[in-house]
Amino acid sequence: MLQIQDALVSLDLAERFFCCDLDKCLGECCIEGDAGAPITRDEYDKLKEILPLVYDELTPAAQREIDENGVGYIDEEGDLVTSIVDGKNCVFTCYAPGGMCHCAIEKAYREGRISDFRKPASCYLYPVRLTKYPSFTAVNYHRWKICKAAELLGKKEGIRLYKFLKDPLTSYFGKEWYDELSTACEAYLEQYGDDAQ
């Protein structure tokens with residue numbers, strides 16, 4: 001683990017290669033799993049606020065789910081998460097030709113229709129997951145089979161996980177924190193090199 005300020009960061013961020021390969025996975029992380037994306041109470045409130053800006057782009061099933069149950073719910077583990085359709089699809093998932101899924105929120109953000117919210121932090125930071133404890137935050141790589149193509153592309157392109165997530169990590173923790181992480185990862189890799197995996 002690397003300690004960066006009040007966060008304990010898994011060495012996976014330095015060791016693992018990663019670069020999303022949407023042509024291969026088609027955005028499967030938005031539609032697979034047994035619960036929605038983890039969200040904070042503030043994010044839940046923000047999702048309700050921006051819903052009118054993306055509602056028409058959502059699938060009819062997602063619209064029905066939101067109309068009946070709202071934009072989020074408490075899952076079996078007691079966490080607040082985005083609502084899902086058919087036991088897996090996030091309600092904010094929309095589809096492009098060819099079956100590639102996109103986040104309706106991020107699409108609206110990129111188009112300038114939403115200026116102050118890109119998407120929930122857990123989505124922006126993915127495949128990293130944060131766990132908050134009283135005295136520190138754990139920063140871990142959530143590794144699963146649907147991201148195999150991203151690992152292969154990252155290795156081919158030589159992109160380490162911490163570099164792939166530079167923008168979301170900086171957005172969440174701040175530039176100073178990310179710079180410390182980058183320095184620590186580089187020092188670790190310089191010391192352990194190819195053995196770091």
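As the structure is a computational prediction, the values presented were derived from the model and not from experiment.
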Are [Y] and [X] co-members of a hydrophobic cluster defined by side-chain heavy atoms under 4.5 Å apart?
X	Y	value
Y44	V81	no
L80	I50	yes
I39	Y124	no
L13	L11	yes
L130	F136	no

[X] side chain to [Y] main-chain N or O, any donor-acceptor pair under 3.5 Å?
X	Y	answer
R113	L53	yes
T183	D179	yes
D75	D79	yes
T82	A37	yes
S83	G70	yes

Minimum heavy-atom distance between [X] and [Y], given as atom pair plus value:
X	Y	result
C185	L2	SG-CD1, 3.9 Å
C94	C103	SG-C, 4.4 Å
A184	I4	CB-CD1, 3.9 Å
A61	V85	CB-CG1, 3.6 Å
Y133	A138	CE1-CB, 3.9 Å

Do [X] and [Y] have side chains that get closer than 4.5 Å, going by heavy atoms?
X	Y	result
Y95	N89	yes
V54	I114	yes
L51	L58	yes
K119	E43	no
Y162	E186	yes
K46	E49	yes
L161	F17	no
Y126	P168	no

[atom1]/[X] to [atom2]/[Y] distance, rounded to the nearest 0.5 angstrom?
X	Y	atom1	atom2	result
E15	L189	CD	CG	7.5 Å
T131	N140	OG1	CG	6.0 Å
S171	Y178	OG	OH	13.0 Å
C19	L165	SG	CG	10.0 Å
M1	L8	CE	CG	5.0 Å
I105	C90	CD1	SG	6.5 Å

I'd like to know whether Y55 forms a side-chain contact (heavy atoms from CB on, under 4.5 Å) with D67, so could you lay out the CA-CA distance, the side-chain angles of the two residues, the decisive distance to 0.1 Å, and finally the verdict. CA-CA 10 Å; Y55 186 84; D67 291 346; 2.8 Å; yes
Parallel, tilted or perpendicular: rings of Y192 and Y188 (30°, 60°): tilted
Kindly indicate whether a cation-pi arrangement holds for R160 with F18, taking the cut-offs as under 6.0 Å to the six-membered ring centre and within 45° of the axis.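 Because its charged atom misses either the 6.0 Å distance or the 45° angle limit, R160 does not stack over F18.
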Indicate yes or no: does K155 engage E151 in a salt bridge with an N to O separation below 4.0 Å. no
When you check the gap from the basic side-chain N to the acidic O, do E68 and R64 get nearer than 4.0 Å? no
Not counting sequence neighbours, which residues clear side chain to side chain donor-acceptor pair (under 3.5 Å) with Q5? List them please. E180
Name the one of Y141, W177, F173 that satisfies side-chain contact (heavy atoms from CB on, under 4.5 Å) with V9? W177
How about E77: does its CD atom have over 12 heavy atoms from other parts shown lying under 6.0 Å from it? no
